[in-house]
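Below is one structure, written out as structure tokens, with a few remarks after it.
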Amino acid sequence: MPSVNRIILASAGSGKTTTIVSEATRERGVRSALVTYTNNSETELRSKANEIVGCVPPHLRTATWFGFLLQQMVRPYQHAIYPGRVRGLAFVNGMSARGIRETNTQRHYFGQHGDIYVDKVSKFACKLIRETGGKPVKRLAQIVDRIYVDEAQDLAGYDLDLIENLLDSDIDVVLVGDHRQATFKTNQSRKNSRYRKERIIDKFKDWQVEGKVTIEIHNHSYRCVQGICDAADKLFPNVEGTISRNHARTGHDGVFLVRQRDVDTYVDRFSPQTLRYNRGKKNVPGNPFNFGEAKGMTFERTLIFPHRPLETYCLTGKLADAGKELSKIYVAMTRARQSVGVVVPNHTTGGIAPVYPT
Amino acid sequence: MTIDRVIVRNFKGLKETNLTFGKGVNILVGDNETGKSTVLEAINLALTKQLNRRDAGYELHPFLFNQSIVQEFVQRIQSGSVPSPLEIDIEVYLANDPALAEHKGTNNSCRADCPGVRLRIELDENFREEYQAYIADTKRIRTVPVEFYHVDWRNFADQTLTPRSKPLRPALVDPSALTNTYAANRYVLELARDFLTRMQKVDLALSYRRLREVFQSDANVAAINKELAKQKGVVSDRNLSVALDMTARSNWDTSVTPHLDDLPLTLVGKGEQTAVKVRLALAASEACELLLIEEPETHQSPGNLNRLLAHISERVGDKQVILTTHSSFVLNKLGVDATIMFDGNTGVRLRDLPDSTKRYFMKLPGHDTLRMVLARRAILVEGPSDELVVQRAYKQMHGKLPLEHQVEVISVNSLAFKRFLDIAVLLDLDVTVVTDNDGDPEKVRGKYAKHSNRKNIKVCYSRDAGLRTLEPSLVAVNGREAINSILGTNYTDDGALVAHMAANKADVALKLFESTGDLAVPEYIQDAVS
């Protein structure tokens, strides 16, 4: 029997927010929790629900990942391992409290004022679950029937162990994400480092082999035209190809290489949203977004100012040249509905796409 | 949804109270001033965050704290030590119920894994500096600086609660608190507000709003507004007009009032108001799961009280009722087994009585159970004549009648002694039994043998098999002459005198009780009143 737990691997632009919100709102008998990483995407889920049924229906609750962890996993049974009250989150860059042993609960997990380090929340939750014989999970199973976790590709470290606890419970778990967009890590712990970034797919596959989940692939894109899909797919040759459901034609559709000297006329003519690898890239016209920031966004047209590896890859077409940040490149390539321009040196004569003007 | 346990610390008269409750009806009885009403108030506060029917945050004052704890606190500060800030802490533990899982966790002082609510009135972290400055001035400090306090209201999952997210909706019926008009009005309004469904409330609010719009379109009102508009520039540069206040969210609830037979409920008798509120609360399944009733006998005629109690015991269903009472009638009517004897700290439940004893008390309305239970000490005697003699003996020894020392002399059928002793054992009550030996002291000894080593129970009877009852015992210690003189008789034979006494028990007892001279008291009675 296939597991009721599902992992939905969704291509960029496949409308996964719409998919999960409409499924969750439709099934009124199933008390569901929709969990996302950021406040923004929680707001997005809520407004999607408003769009579909007028308001967030009573059988549905939304939460951010950390809000969910604190409220449902940590606080109800916090006293099992901690005498105080876990007040809030202590944000840290990278790993917190290096070199402090776990046996020192106070300093290993907590910063000043009793705030728990953001990278330790799920570790703390896992420990609580272990120490209490699974009480937080049993409690949650009385409150919700199903949990949707959006952007599941960003799960890392102890988050994965926590999810595993949920997979083994009476709660249906639906993980939604795209490992090709694993640009962000929710957990800095060394735990589960084998599954970092796009290698999260290996964890998903392990779970499927163990019979814990069924993987579904939504390999269509309502957003990008086929030419864009094809170019982006080349970054992950082992993944099933994406089928475009955007059949609109504008006369300038697909991916193009734009020589540096043509940038101004290209911008004048198409008004693309500019994207850059990071702030180090200067002289980018318009109000550019960094690749990572652009995740989840949709534009009519984009113009990408690449970092060195992406530039080389565009010229050679060799994946080995594209560097380590394939996810960020994939995100950048899949933001536009109709056209993606990539800025290349003036001497360029060809590469992964036709040179503009053709 | 049932309250299992309530723990109250440092709230009004309650220093540290730990009480358990059962399903259905629970009756709190106890001496005056033990804090029975405060227990109800504490439960209501923890479940609603309301004091005096207003948000507790606006009702904080130093006398919410236990005054002896406050005194101790002030003295410690004045003697130079730094005690941690005082706080009021109320915990309500609920029975496990999947519907309450959201409120479940171990964030309570027992570390119990169950749903529940904890309300604390504690120092607001933001005022730590001001607080420190306050307690540093040891001369001026007299009480708790509540200005720096706030109300922290959470469930056992450590989530902050809101009036919407509270797990249990109680209805507090406290007729004795209806002392001022404001409270009385609020009390009546709650009838409507608490017991209507959400949809009904919305409908009422909409109808009310529509009514205000009709007012606005009324020709006379329009004419007045037209007239006022001409004043523009005189009073203000803007347009002046009159309109009904549309700002309040749904203020039907300040103008709509329940009526009984077209009479506003505020003008109906208080007894009737209480009865209506109790009945509504029991009937409205959606509106409340818990009834807190303070002394239902207040403002009720015996007939009405009887009907109200019958209604409660018939309709209680799945709801939980916690009530306080001083009336043994209420106690017996609603079930002796539901009684919780409360001494200010903890409660003992009559539920644990043997079934036959429970049934015995259920059958006797207005029985003397409560008299025994509430007395400092009870002396059980076999009949009214024994009662008078014991009263007399007590007064002779102590100079006052027993009641003045909160000692109850209760006359019961001798067959019922055992029932009363069941309760005395359970509640650790101080009880003395005065009984005839009926010619066989050994048999009496055997009958009460199981109580012989209990400190709180004393059984007194004559050891002389020849003195079967009180009458021969009295004659034996006083002599025929003395008794003849008290009774105004002149029997020449002890047997005839005793026979006369037995035949005129009540009359004889009254004469003995009222006699002025010294009356010798049989040793076992002496023992009983000592």
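Values below: every heavy atom of this structure, side chains too, minus hydrogens, waters and symmetry copies. Chain identifiers are assigned alphabetically (A, B, ...) following the order of the sequence lines, protein sequences preceding nucleic acid strands; residue numbering begins at 1 within each chain.
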query = Which atoms of Arg61(A) come close to chain B, meaning under 4.5 Å heavy atom to heavy atom: side chain ones, backbone ones, both, or neither?
reply = side chain
inquiry  = Quick check for you: to the nearest 0.5 Å, what is the distance between Glu102(B) atom CD and Gln72(A) atom CD?
reply    = 5.5 Å
inquiry  = Looking at Asp318(B), I want to see if its CG is surrounded by more than 12 non-hydrogen atoms of other residues, nucleotides or ligands under 6.0 Å.
reply    = no
remark   = Interatomic distance, CZ@Arg139(A) vs CG@Asn96(B), rounded to 0.5 Å, equals 11.5 Å
Residues Arg85(A) and Asp152(B) bridged, charged N to O under 4.0 Å = yes
ask   = Would the number of heavy atoms belonging to other residues, nucleotides or ligands and lying under 6.0 Å from CG of Asp170(A) be above 12?
value = no
query = For Gln159(B), is it the side chain, the backbone, both, or neither that has a heavy atom closer than 4.5 Å to a heavy atom of chain A?
reply = side chain
request  = Specify the closest pair of heavy atoms between Asn107(B) and Pro76(A), including all atoms of both residues, with the distance to one decimal.
outcome  = ND2-O, 3.2 Å
Backbone of His79(A) reached by a side-chain donor or acceptor of Arg111(B) within 3.5 Å = no
message = Please classify the contact between Lys138(A) and chain B as side chain, backbone, both or neither, with a heavy-atom cut-off of under 4.5 Å.
response = neither
task = Calculate, to the nearest 0.5 Å, the distance between atoms OG1 and CZ belonging to Thr160(B) and Arg75(A) respectively.
result = 7.5 Å
